[in-house]
Amino acid sequence: MPTLDGIKAALTDHLQGLIKNITLGSTGGEASSRDGGAGNPQITQSPSIQRIDDRTVSFTAVFDTTLTSSNAIKEIVMHGDTSLDNAAYRASFLPITKDTTNEIRVDILVEVR
């Protein structure tokens, strides 16, 4: 039986309240649905959150030139108040050097199905 639209809208509201920060980390490693989140957090930002519709939320964080990391950035994690909270989302990618000469903008769309 499919989930009803009213419940999806309530889950979308709840999701907006759970995500407080986006963290860039340097551990990397393959991301999976069972991993524990950021292995070596480097930089954290509070995202701007925009509800697109009853099932979609947009999270945007800008890591500007004032934020730097001594290690290469290899992962992104969305989580609650601290990076030790259970991660809502994690992805790994090829290493990026984050210093005062570049800016990283993260845009993530989450859809409740």
Do Glu103 and Arg105 sit within salt-bridge range, that is, some charged N less than 4.0 Å from a carboxylate O? no

Is Lys74 close to Ser92 at the side-chain level, that is, under 4.5 Å between some pair of heavy atoms? no

Interatomic distance, CG@Leu18 vs NE2@His79, rounded to 0.5 Å, equals 13.0 Å

Could I get the full list of side chain to side chain contact (heavy atoms under 4.5 Å, CB included) partners for [X], not counting sequence neighbours?
{"X": "Thr97", "value": "Asp99"}
{"X": "Ala9", "value": "Arg51, Asp54"}
{"X": "Ser26", "value": "Asn40, Gln42, Asn71"}
{"X": "Val57", "value": "Thr12, Gln16, Ile49, Phe59"}

Exactly one of Val110, Ile108, Ile19 clears side chain to side chain contact (heavy atoms under 4.5 Å, CB included) with Tyr89, and that residue is Ile108

Testing the 3.5 Å rule here: is there a donor-acceptor pair between the side chains of Thr100 and Thr65? no

Should Ile76 and Leu109 be counted in the same cluster of Ile, Leu, Val, Met, Phe, Trp and Tyr side chains packed under 4.5 Å apart? no

What pair of heavy atoms forms the shortest contact from [X] to [Y], and how long is it?
{"X": "Val77", "Y": "Arg90", "answer": "CG2-CG, 3.8 Å"}
{"X": "Ser69", "Y": "Ile43", "answer": "CB-CD1, 4.0 Å"}
{"X": "Phe63", "Y": "Leu67", "answer": "CA-CD1, 3.9 Å"}
{"X": "Lys98", "Y": "Asp64", "answer": "NZ-O, 2.8 Å"}
{"X": "Asn21", "Y": "Pro47", "answer": "CA-CD, 3.8 Å"}
{"X": "Gln45", "Y": "Ala61", "answer": "CB-CB, 4.2 Å"}

Which ILVMFWY residues are connected to Val62, directly or by a chain of links, through side-chain heavy atoms under 4.5 Å apart? none

With sequence neighbours excluded, what pairs up with Ser58 under the side-chain hydrogen bond (donor to acceptor under 3.5 Å, both in side chains) test? none

